[in-house]
Each structure stands twice: as C-alpha cells, then as structure tokens.
Amino acid sequence: MTRAVSVLALLVALGMSTLSQARGQELPVSEVAPGIFVHAGETALMAPENDGAIANIGFIIGDNAVAVIDTGGSVREGKRLLAAIRARTDRPIRYAVNTHGHPDHVFGNAAFVSEGTVFVGHRNLPRRGTARR
C-alpha cells in the first residue's frame, strides 16, 4: 500500500512539474499599448545559456490577425514567443516582419512556419542570410 502511495505521489509531482514547465515556456512579454506586446532581450552576446534571446522582439494583435516583429535568436525562443501569443489570442499569425538579417532577430522564424505565417523583410534579406553561412 505504501509503495502504491509513493508511486502515486511521484506521478503527481511529475505532473505538477510538467505543468509548471509548460507555463514557464511562455516568453515573458509586456503590453506597452493595447494589443502591442514586447519582450526586451538580454544585453549579452548570443550563447547557449540565453538561447540567443538578446533582441527586442514583439507582436501586435490586430482585429483579424497577429503580426510578429522579429522572431528571436533561436527556434526555442521563437516557440516561447509563439506560446506567449497563443496565451493571448487564437487569431492567425499572418505576418512575421524581419527588421534585418541579424541572427538574433530571425532564427526564431522556424517556429512560425507551421502557422502559415508570411515572412516579410527587405528584398535583400535572403541574400544576406546566405552570405552568413
């Protein structure tokens, strides 16, 4: 009986840990005006410890859709940004505006591909990306 209780307690603890981790996956953002959210990046160099989360990024929730302004420095940060958006709206993420080609602003794009997002940027942005390889 005590073994069954111990196993049950362990499963509950693991479930609570998973739930808190899921909540912790959302990128912290501040609403600076109605429907406009910003995440202030860390002042540092891109590193594994910060997941490349050093750029200021954000999103705008419009009447019919969402526009993202830069997607972050890694797929993980992009997924956390996506979680922050989904915590606030289920509207489609129509556009991701890439302000420029620095990796800390565009590597998160991969997290938005399955959303059907259209990526917008300067016409030379793809060439800049290939030049960095």
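Every heavy atom of this structure was used, including side-chain atoms; hydrogens, water molecules and symmetry mates were not.
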- Determine, stepwise, if the pair Arg88 / Glu26 fulfils side-chain contact (heavy atoms from CB on, under 4.5 Å). CA-CA 11 Å; Arg88 288 158 181 82; Glu26 184 182 315; 2.9 Å; yes

- To the nearest 0.5 angstrom, please state how far the CG atom of Leu27 sits from the CG atom of Leu81. 6.0 Å

- Item | Whether Arg80 side chain and Gln25 backbone form a donor-acceptor pair below 3.5 Å | yes

- Message: Applying a strict under-4.5 Å side-chain criterion to I, L, V, M, F, W and Y, I'd like to know whether Val32 and Ile60 cluster together.
- Response: yes

- Are the side chain of His102 and the backbone of Asp104 linked by a donor-acceptor contact shorter than 3.5 Å? no

- Query: Hey, what do you get for CZ (Phe107) to CD (Glu77), rounding to the nearest 0.5 Å?
  - Reply: 12.0 Å

- Calculate, to the nearest 0.5 Å, the distance between atoms OG and CD1 belonging to Ser30 and Ile36 respectively. 13.0 Å

- Message: Measuring only between side-chain heavy atoms, which start at C-beta, is Thr99 closer than 4.5 Å to Ile69?
- Response: yes

- Message: Does anything in residues 53-88 form a ring pair (Phe, Tyr, Trp, His ring centres under 6.0 Å)? List the pairs, not counting sequence neighbours.
- Response: Phe37-Phe59

- So do the side chains of Met46 and Ser74 get within less than 4.5 Å of each other, counting heavy atoms only? no

- Of all heavy-atom pairs linking Ala111 and Gly78, the shortest is CB-C, 3.4 Å

- Find out whether Val97 and Asp70 are in side-chain contact, i.e. whether some heavy atom of one side chain is under 4.5 Å from a heavy atom of the other. no

- Joint hydrophobic cluster, Val106 plus Val113, side-chain heavy atoms closer than 4.5 Å: no

- Message: With rounding to the nearest 0.5 angstrom, report the CZ to CD1 distance, Phe112 to Ile93.
- Response: 5.0 Å

- So among Arg86, Arg94, Lys79, which one has a salt bridge (Lys or Arg N to Asp or Glu O under 4.0 Å) with Glu115? Arg86

Would you give me the side-chain donor-acceptor pairs under 3.5 Å for residues 50-58, sequence neighbours excluded?
| residue | atom | partner | partner atom | Å |
| --- | --- | --- | --- | --- |
| Asn50 | OD1 | Ala47 | N | 3.0 |
| Asn50 | OD1 | Gly52 | N | 2.9 |
| Asn50 | ND2 | Leu45 | O | 2.9 |
| Asp51 | OD1 | Arg76 | NH1 | 3.2 |
| Asn56 | OD1 | Gly41 | N | 2.9 |

- Once you round to the nearest 0.5 Å, how far does CG of Asn109 lie from CZ of Phe119? 4.5 Å

- Over all heavy atoms of both residues, which pair between Val68 and Thr71 is shortest? Give the atoms and the distance, please. CG1-CG2, 3.9 Å

- Task: Might you work through the ring-ring contact (aromatic ring centres under 6.0 Å, His included) test for His100 and His105, ending with a clear yes or no?
- Result: CA-CA 7 Å; His100 61 286; His105 292 261; 4.1 Å; yes

- Message: Checking Thr89 against Val66 for the side-chain contact (heavy atoms from CB on, under 4.5 Å) test, could you report, in this order, the C-alpha distance in whole Å, the side-chain angles of both residues, the deciding distance, and whether it holds?
- Response: CA-CA 9 Å; Thr89 185; Val66 176; 3.7 Å; yes

